[in-house]
Amino acid sequence: MPRIAVRAALAVLLATSTVADDSSNRPAEYDRFNYETTVRANDHNDYGPEDWIRVRCPDPKTCLGWPDSFDEAIGWSFPENSCQWCPAGRGCGVTHHQSPINVYRDVQIEGDPLYNPCIDGHWMKFFDSTCTMEELQRNNAFTIERHALKIAQPTEQLADGSFRIGCQSELGRRWGKIDFAKGFSQWWHLSHTDLHVPSEHTQNGKRYDGEIQLYHFYSVSGEEAGVNNEMGTVSFFLQSYDDTPDYDMLNRVICQWRRAEDQNRAACGLPSVETEYPGCHSYSRGNAASTTAGRNLRTTVDANATLLEKPLSAHDIIIHNYLNPTGERKTITMSEEDYKDEDDFDWAAFIADVYENERQVQNRRHLRDYDHVGPWHNYWPLIGVKTEYYYRYSGSQTIPPCYGRFVEGNNRAQTNNWRVMKDPIRISKRQLAELHRLLRERIAPPTDPLVACQPDTAAKVDPTTNFVDVARPLQQVEKAHHMVYCECENWGSQWEEDKDYCRIFRDDRNARYFQHPYNFYTEGF
């Protein structure tokens with residue numbers, strides 16, 4: 001397939017805040033959003049979920065309110081904020097496919113009002129990018145945003161002004177890629193990963209402790225695909241259990257977010273956090289001599305500390321083209337490797353290696369920051385979940401501008417194509433607590449134009465538990481979502497857990513759907 005330059009745009013790297021009065025003295029680029037209620041602070045608007053449609057982004061270089069932008073595919077049209085407020089149980093009186101929603105298994109049972117059988121014929125093949133852990137560290141790819149914990153697939157700008165993936169290995173340069181079934185003949189490419197607590201989606205009414213979302217852009221133009229304006233997200237539930245040990249790969253990324261946290265605090269002239277996380281590097285800068293009084297936040301920057309600039313992800317590199325339609329176009333250059341068929345890849349050997357690494361990891365010498373847990377893979381949640389089965393539906397982005405305005409008569413135009421895996425990844429209680437702490441104790445970077453080096457999170461914080469909420473409220477499920485559930489009856493999985501599960505409950509759909517819904521033992525959801 002020929003080399004393709006994908007339209008893109010300069011991005012907004014800082015999250016947003018906004019408030020009720022659009023006549024604010026602050027310009028619109030200082031609009032931001034939160035997960036609680038619309039307020040006015042620091043002379044700007046910080047909009048709650050019901051008002052997200054009011055978050056504006058007039059200038060990609062200064063806008064705070066659209067932290068991810070999705071115009072990097074060729075031929076995109078990205079004309080407006082699409083955050084309709086259509087809450088579950090009430091809706092909004094218009095046809096929509098807003099996200100997140102409650103996905104449920106009855107949708108594949110005849111007689112359900114939204115009955116929609118799965119016709120997907122295979123699992124989602126995936127291949128890693130050339131971004132190693134060392135490359136991600138070097139590019140400052142782990143960040144704590146106001147709305148999520150993030151891992152970017154970094155880009156770099158070439159002399160001609162175009163962009164390419166910012167990681168190189170012995171394989172050259174390539175984006176991570178995944179093969180969606182059902183109507184997609186080309187690859188989807190990985191842009192970035194977000195982690196929210198609690199989960200944004202629910203399954204059969206259950207809200208999980210967290211949700212990991214892998215965001216993708218399509219590799220061909222809307223004209224070539226026949227449908228314009230699409231994005232794709234693969235989502236994974238996280239659930240903590242009392243008897244569950246740590247999920248080691250999650251520890252590895254937690255250590256990197258703690259590293260990013262300490263670098264930011266150093267740049268702000270603040271001491272390290274006192275909360276330790278055994279297994280990760282222990283940061284103690286400034287703590288030995290500090291007292292409670294001495295730990296007050298400062299607004300000056302430590303001249304001896306360096307805070308690396310955050311990298312642009314593919315989803316970040318687009319809004320420039322949309323907001324500057326007559327100006328210089330930004331392009332992403334992709335290589336032949338990004339379009340390779342990969343038909344000769346030995347998946348059985350790959351999965352065997354995964355199991356062998358898990359058997360060996362407990363016998364290895366434990367290294368700081370969990371570097372002993374095995375090779376890094378940017379699709380680590382797809383390996384950790386160990387199921388091939390999922391829900392799919394047509395929806396929207398779950399943060400402003402909620403890209404995914406429903407287009408009558410076309411169920412794919414302006415769509416986020418969701419794949420929500422059916423089983424949660426099991427994590428420990430201490431891991432869950434640390435995810436909440438990282439978001440709750442976030443400090444704005446020294447470059448923030450509103451609250452530099454001050455506490456700054458979009459989260460709603462529970463005063464009793466100190467747990468945070470960075471999940472958009474559920475939206476009403478509609479036929480326009482075209483929700484489908486795919487499971488054992490649709491294709492055979494290569495994961496041993498799936499094989500056993502599907503064999504045991506092969507003739508008992510009720511047990512498979514509701515009584516024992518996961519490929520590990522539970523009573524109900």
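Atom set for the values below is all heavy atoms of this structure, side chains included, hydrogens, waters and symmetry mates excluded. Keep in mind the model is a prediction, meaning the values are calculated, not measured.
Ion pairing between Arg265 and Asp262 fails under the 4.0 Å rule for side-chain N and carboxylate O. Electrostatic pairing of Asp369 and Arg252 does not count as a salt bridge here, judged by no charged N lying under 4.0 Å from a carboxylate O.
Evaluation of the salt bridge (charged side-chain N to carboxylate O under 4.0 Å, His left out) test over residues 375-392, restricted to residues two or more places apart or in two chains, returns Asp120-Arg392, Glu358-Lys386. Annotation: salt bridge (charged side-chain N to carboxylate O under 4.0 Å, His left out) contacts involving residues 192-201, sequence neighbours excluded, are absent. Residue pairs meeting the salt bridge (charged side-chain N to carboxylate O under 4.0 Å, His left out) criterion with at least one partner in residues 171-180, sequence neighbours excluded, are Glu156-Arg173, Arg174-Glu337, Arg174-Glu342, Lys177-Glu342. Pairs engaging residues 515-525 under the side-chain hydrogen bond (donor to acceptor under 3.5 Å, both in side chains) rule: Tyr208-Tyr518, Asp423-Asn519, Asp498-Asn519, Tyr521-Glu523 [sequence neighbours left out].
Distance alone, capped at 3.5 Å, is enough to place a donor-acceptor pair between the Asn490 side chain and the Glu487 backbone. Side-chain atoms of Asn264 come within 3.5 Å of backbone atoms of Ile443 as a donor-acceptor pair (strictly under, hydrogens ignored). Of the possible polar contacts, none joining the Ser394 side chain to the Asn417 backbone as a donor-acceptor pair under 3.5 Å is found. Panel note: side chain Ser199, backbone His201; a donor-acceptor pair is recorded below 3.5 Å. Put simply, the side chain of Arg258 never gets that close to the backbone of Tyr283: no donor and acceptor are under 3.5 Å apart. A donor-acceptor pair under 3.5 Å links the side-chain atoms of Asp338 to the main chain of Ser335, judged by distance alone. A donor-acceptor pair is defined here as one N or O able to donate and one able to accept, closer than 3.5 Å; such a pair exists between the side chain of Asp128 and the backbone of Asn378. Listed for the Ser99 side chain is a donor-acceptor partner under 3.5 Å among the backbone atoms of Ser396. Between the side chain of Asn139 and the backbone N or O of Glu135, at least one donor-acceptor pair lies under 3.5 Å.
The shortest heavy-atom contact between Gln98 and Cys402 is OE1-CB, 4.0 Å. In terms of heavy-atom proximity, Glu489 sits nearest to Arg512 at OE2-NH2, 3.2 Å. A pairwise comparison of heavy atoms in Cys131 and Ile165 identifies SG-CD1, 3.9 Å as the closest pair. Nearest heavy-atom pair, Asn34 versus Trp52, reported as atom, atom and distance to 0.1 Å: O-NE1, 3.0 Å. Residues Thr233 and Tyr215 come closest through the heavy atom pair OG1-CD2, 3.3 Å. A pairwise comparison of heavy atoms in Met249 and Pro375 identifies CE-O, 3.9 Å as the closest pair.
Using a 3.5 Å distance cut-off with no hydrogens or angles, the side chains of Glu211 and Ser235 do pair a donor with an acceptor. Using modelled atom types and a 3.5 Å distance limit, the side chains of Gln153 and Ser129 yield a donor-acceptor pair. In summary, the side chains of Asn102 and Gln203 do not present any donor paired with an acceptor at a separation below 3.5 Å, with no hydrogens or angles considered. No side-chain donor-acceptor contact under 3.5 Å links Asn140 and Arg259. Neither side chain, Glu261 nor Gln263, offers a donor N or O lying under 3.5 Å from an acceptor on the other. No side-chain donor-acceptor contact under 3.5 Å links His372 and Arg364.
Partners of Gln256 under the side-chain hydrogen bond (donor to acceptor under 3.5 Å, both in side chains) rule, at least two apart in sequence or in another chain, are Gln137. Taking the side-chain hydrogen bond (donor to acceptor under 3.5 Å, both in side chains) definition, one finds that Gln239 meets it with Asp209, sequence neighbours left out.
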Derivation and outcome, side-chain contact (heavy atoms from CB on, under 4.5 Å), residues Glu441 and Val273
CA-CA 9 Å; Glu441 297 183 8; Val273 296; 4.1 Å; yes
Passes side-chain contact (heavy atoms from CB on, under 4.5 Å), Trp376 versus Leu136? Steps please.
CA-CA 11 Å; Trp376 171 254; Leu136 294 176; 3.5 Å; yes
Start with the C-alpha distance between Trp380 and Tyr247, add both sets of side-chain angles, then the distance that settles side-chain contact (heavy atoms from CB on, under 4.5 Å), and finish with yes or no.
CA-CA 11 Å; Trp380 55 279; Tyr247 170 35; 3.6 Å; yes
Is there a side-chain hydrogen bond (donor to acceptor under 3.5 Å, both in side chains) between Gln157 and Arg164 once you walk through the steps?
CA-CA 7 Å; Gln157 191 168 17; Arg164 66 183 179 185; over 6 Å; no
Check against side-chain contact (heavy atoms from CB on, under 4.5 Å), Ile178 and Trp187:
CA-CA 6 Å; Ile178 193 168; Trp187 295 103; 5.5 Å; no
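The side chain to side chain donor-acceptor pair (under 3.5 Å) with Ser428 is formed by just one residue from the set Asp242, Asp243, Asp246; it is Asp246. Applying the ring-ring contact (aromatic ring centres under 6.0 Å, His included) test between Phe217 and each of Trp188, Trp175, Tyr403 identifies Trp175 as the sole match.
With a 6.0 Å cutoff to the six-membered ring centre and a 45° limit on the axis angle, Arg440 does not count as a cation-pi contact of Phe467. Geometric assessment of Arg509 against the ring of Tyr513 yields a positive cation-pi assignment under the 6.0 Å and 45° thresholds. Annotation: cation-pi geometry satisfied between Arg426 and Phe520 (NZ/CZ under 6.0 angstrom from ring centroid, within 45° of ring axis).
Side chains of Gln213 and Thr398 form a contact here, defined as non-hydrogen atoms less than 4.5 Å apart. In this structure, the side chains of Val103 and Thr202 stay at 4.5 Å or more apart for every pair of heavy atoms. Tyr391 places none of its side-chain heavy atoms less than 4.5 Å from the side chain of Met421. Side-chain contact check for Val477 versus Met483: some heavy-atom pair is nearer than 4.5 Å. Within the 4.5 Å cutoff, the side chain of Glu356 has heavy atoms near those of the Arg359 side chain. Side chains of Val385 and Pro381 form no contact here, defined as non-hydrogen atoms less than 4.5 Å apart. Met133 has its side chain within reach of Phe142: a pair of non-hydrogen atoms, C-beta onward, lies under 4.5 Å apart. Residues Met231 and Tyr218 have side chains not in contact (no heavy-atom distance under 4.5 Å, counting atoms from C-beta outward).
Between Tyr485 and Tyr390, the gap from one ring centroid to the other reaches at least 6.0 Å. The ring of Trp418 has its center no closer than 6.0 angstrom to the ring center of His481. Residues Trp347 and Trp123 bring their aromatic ring centres within 6.0 Å.
Within a 6.0 Å radius of CZ in Arg506, no more than 12 heavy atoms belonging to other residues, nucleotides or ligands are found.
Using bins of under 30°, 30° to 60° and over 60° for the plane-to-plane angle, the ring pair Tyr379/His216 lands in the parallel bin.
To the nearest 0.5 angstrom, Leu250 atom CG is 5.5 Å from Leu435 atom CG. Separation of atoms OH (Tyr393) and OG1 (Thr415) is listed at 11.0 Å; rounding is to 0.5 Å.
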